[in-house]
4 protein chains.
Amino acid sequence: MADQNNDHLVHSDDPDHPANLIPSLCKQFYSLGWVTGTGGGTSIRKDEHVYIAPSGVQKELMRPENMFVLSYPTPKYPPSARQYIRKPLDLKPSACTPLFLAAFERGAGCCIHTHSQWAVLVTLLVEKFHGKEACFEISNIEQIKGIPKGPGKGMHGFHDTLRVPIIENTPFEEDLTESLEKAMEQFPDTYAVLVRRHGIYVWGSNVAKAKTQCESLDYLFQLAVEMHKLGLPWTPRG
Amino acid sequence: MADQNNDHLVHSDDPDHPANLIPSLCKQFYSLGWVTGTGGGTSIRKDEHVYIAPSGVQKELMRPENMFVLSYPTPKYPPSARQYIRKPLDLKPSACTPLFLAAFERGAGCCIHTHSQWAVLVTLLVEKFHGKEACFEISNIEQIKGIPKGPGKGMHGFHDTLRVPIIENTPFEEDLTESLEKAMEQFPDTYAVLVRRHGIYVWGSNVAKAKTQCESLDYLFQLAVEMHKLGLPWTPRG
Amino acid sequence: MADQNNDHLVHSDDPDHPANLIPSLCKQFYSLGWVTGTGGGTSIRKDEHVYIAPSGVQKELMRPENMFVLSYPTPKYPPSARQYIRKPLDLKPSACTPLFLAAFERGAGCCIHTHSQWAVLVTLLVEKFHGKEACFEISNIEQIKGIPKGPGKGMHGFHDTLRVPIIENTPFEEDLTESLEKAMEQFPDTYAVLVRRHGIYVWGSNVAKAKTQCESLDYLFQLAVEMHKLGLPWTPRG
Amino acid sequence: MADQNNDHLVHSDDPDHPANLIPSLCKQFYSLGWVTGTGGGTSIRKDEHVYIAPSGVQKELMRPENMFVLSYPTPKYPPSARQYIRKPLDLKPSACTPLFLAAFERGAGCCIHTHSQWAVLVTLLVEKFHGKEACFEISNIEQIKGIPKGPGKGMHGFHDTLRVPIIENTPFEEDLTESLEKAMEQFPDTYAVLVRRHGIYVWGSNVAKAKTQCESLDYLFQLAVEMHKLGLPWTPRG
């Protein structure tokens, strides 16, 4: 019988294969409070394939056979070839798909979307104190050295100001794509975009970089919320 | 020898069988702080049987043989047939039983009762600022999209206002039944009822829905408490 | 060779044997933040023996052979017979020993001592707002129903006021014994005594009761600290 | 083939061998939030070798073969002999190396560097309320008895004041060495140095002491932040 749904794409003994890695990462993200109640998602690009966690499932219980696989433009596949080449019949594709693809277009190998409460609270604090400003800023905290300054520019220095753009949320997740791409243009060095009252998208050239950058950012958002409670400014006063 | 206590009802190799699932769920809920110190409980309906965790036990240490089983009205069993068909001799049935049954009457397949501190704090904040009002309200937070608008109505939209009714606590848990059912009538679309200074009852048509809705609600309650500390309103000001 | 150090007392295949249970409980208490950095301790009485975790060890790494065993007065052993009948040579006995014994004298089968930060913060808040008062009080919270009203008196009701006496800390832990015993006399119904700027002692007739009461109390202390931050009183205003 | 990279130094069946212990400790520290996003580090000295976790890796995923090994001055190796005798080819040595060595010079057997948020917040609170003062101070909290008063001086008493020096952060971690050593001279009894807006270095004569002291300090920093939120002073008012 032919493998009509390309099931071979999600069968591997390698724990680092995307079909195995996405479930184990999501289980870890669940315990971090990033993907509570089916929220959030994760995607990995491997060569000409993009692997994506499905929509609406308990993220800590996913299995390799739940993965969607999308063909991804390379010499082998022209851009118009972007299409699902594996669809679990009983599941819905993630509404985050076009947002993950926007990151892959910028060279990402992995993109993580969380509903972290710290990310949400930071966007609310910026909204309250600075209006609909487009940016979270923090500096002079060691952990910002865990975030790159931009492609080919090395990591942030201790005295640098880390800037993470904030876009407004939309009723339908896929409608975030345009403003996400606009933020990526306005902040060409960023590896993350906050979504107000929603969460964050973080990406990196590989899984380790996306995950550790997501961790460092979440650390900084939590610290920023606690600093606000204690009356401590996020950047030294001018 | 006859299986006089219907022990066959709690013996299964299927990890998703209610007698196996309730202990594993309660262990997870323990680590989330939802069933600390024997508080809280969980019940699953499967066909003509309702499985219920016992009262007064360490929820993270439960075993399948600790489960109570109640016959549940179907064509096979008339309503008057609701009775325990399995009772562990050394344990007490849960005082939440009539409350779980009220959810099952509304079509639920699983009902979760937690003592989450975030749920308790939210009821205290509503009490302090709005008197004995019957409702927690929040809107414009992405995670509310994880909660259904009502039977057959799809999920909440980002701009919708999520409303969770609050009932007053009573000295004896079973005495909550009347006000719980009244709240269910007043809020026919709700899948959850908060109990002031006590916790929450959350239900869904199956285990996955009850659990993920309970997670999304708990996320929102925690966020709401943090928003209150930071002076941020739960719904945009009029 | 004779078993001169009574090693047979700590060798058992039963996971509920005190020599096995104390290490597994302490590992769990470590993850709850109750016995950080070698702080805190646990003791179980079984018939004519009292098992006690040693002093100054990493509580999450204890092994059965690390247990101290004390003979405990029964018809078989007169009160003067209280003496160590097993001492690991490379370890120090717990300074909490006389405090654990005070609980056993009141009929306890297990006594838990934690350095929980919530317990410490509650004693500091009572100190700040009520001076050196001897008592933490809370009522109208469902979780107080997890704490007994006193020997043979059943559990607290929802409207009852839970009172936990607070004693002043002393430079040497064993010097707490006198004031602990005095608090036990003044509050003959209590199953717990807070130690200001230090932590708490909780006991029960068996391990399950001591542990679940300790959990319920810690839940209430955490809730009380959060209520204080939110300007919510611990008991309804008169 | 010769073992040119001294791989035998990191192969052991003993779970307490430094090459096995550093990965297992770092996994535990990750779950405590101390080494989020590749931050922080750990080093153990064993006889004439110093084992050091590499830079920039996910600390919860480290393996024995990732360890750097440095020769350490003993009669066998003169001070000038300090050099890497094992370097994993694909990894970078930790920038913390000279700071770890400064602790080893003071007789330490293990040094832990964390980015704990509680440590960072404490340095920010001292900065805000006391300017660029060099010291965090707390007293009359039982947990300070888990910190030694100084080499050969026993542990802090309950009424003693624990002092942890704070040094200013520098853009490059290795540039902290001079001020760390200066703080060690000014506070010859300390087993820890806070780095403002960065984290902490904690050491002890062996792994158990370094780890439990690090835990006790982190407990105190968390408590101090909560006390500050509640308006409670860290030391009794004069």
Side-chain angles (χ1 to χ4, degrees), chain A residues 27 30-31 33-41 55-62 90-92 95-96 113-129 132 167-173 175-176 194-201 221-222 224-231, chain B residues 15-16 21 24-25 27-28 31-34 110 112 116 118 138-148 154-160 162 191-192 202 204 206-237:
Chain A
K27 190 170 185 177
Y30 176 81
S31 74
W34 291 358
V35 295
T36 300
T38 85
S55 174
V57 302
Q58 297 177 72
K59 293 291 187 289
E60 77 279 20
L61 298 180
M62 276 194 309
D90 52 343
L91 295 171
K92 283 197 301 180
C96 311
H113 170 45
T114 89
H115 284 192
S116 165
Q117 299 206 4
W118 306 114
V120 172
L121 287 170
V122 153
T123 68
L124 292 167
L125 287 171
V126 171
E127 181 180 42
K128 180 175 180 186
F129 291 97
K132 295 279 180 180
I167 60 175
E168 299 305 310
N169 199 27
T170 52
F172 299 99
E173 193 135 13
D175 295 340
L176 287 173
L194 283 158
V195 185
R196 200 173 326 259
R197 298 172 169 272
H198 179 156
I200 192 165
Y201 283 84
F221 298 147
Q222 178 175 5
V225 171
E226 292 299 312
M227 288 171 75
H228 183 89
K229 284 186 194 165
L230 295 162
Chain B
D16 286 338
L21 200 48
S24 67
L25 285 170
K27 191 171 184 176
Q28 192 177 352
S31 74
L32 292 169
W34 290 358
C110 175
I112 299 166
S116 164
W118 306 114
I138 196 164
S139 73
N140 291 53
I141 299 292
E142 180 72 8
Q143 194 76 27
I144 65 170
K145 291 163 73 172
I147 314 289
M155 307 306 264
H156 278 87
F158 175 67
H159 294 300
D160 290 335
L162 170 73
Y191 284 93
V202 183
N206 57 37
V207 171
K209 285 184 185 167
K211 172 174 169 287
T212 57
Q213 288 164 27
C214 199
E215 285 178 3
S216 288
L217 286 167
D218 207 54
Y219 170 105
L220 289 164
F221 298 148
Q222 180 175 4
L223 188 71
V225 171
E226 291 300 311
M227 288 172 75
H228 182 89
K229 284 186 195 165
L230 294 162
L232 301 162
W234 296 342
T235 53
R237 276 170 191 136

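Just so we're on the same page: letters track the sequence lines, and every chain starts at 1. Basis for what follows: all heavy atoms, side chains included, without hydrogens, waters or symmetry-related copies.
Classified by interplanar angle (parallel below 30°, tilted 30° to 60°, perpendicular above 60°), the ring pair H113(A)/Y201(A) is parallel.
At least one donor-acceptor pair closer than 3.5 Å links the side chain of Y219(B) to the backbone N or O of H115(A). Judged purely by atom type and a 3.5 angstrom limit, K145(B) has no side-chain atom pairing as donor or acceptor with the backbone of H156(B). Looking at E60(A), its side chain never comes within 3.5 Å of a backbone N or O of S31(A) through a donor-acceptor pair.
For chain B, the option among L121(A), V57(A), L61(A) with the highest count of heavy-atom pairs below 4.5 Å is L121(A). Comparing Q117(A), R197(A), H198(A), Q58(A) by how many heavy-atom pairs each has under 4.5 Å with chain B, the most go to Q117(A). For the set L124(A), V225(A), N169(A), the count of heavy-atom pairs under 4.5 angstrom toward chain B peaks at N169(A). When each of E226(B), Q213(B), Q222(B), H159(B) is scored by its heavy-atom pairs under 4.5 Å with chain A, the top score falls to Q222(B). Highest contact tally toward chain B, considering only G39(A), G56(A), P171(A), is held by P171(A) [criterion: heavy-atom pairs under 4.5 Å].
Neither the backbone nor the side chain of I147(B) comes within contact range of chain A; no heavy atoms are under 4.5 Å apart. When heavy atoms are compared at a cutoff of 4.5 Å, E127(A) does not approach chain B at all. Residue F129(A): no heavy atom, backbone or side chain, is found under 4.5 Å from chain B.
A donor and an acceptor atom, one from each side chain of S216(B) and Q143(B), are located under 3.5 Å apart.
For CZ of F172(A), the number of neighbouring non-hydrogen atoms (other residues, nucleotides, ligands) closer than 6.0 Å is 12 at most.
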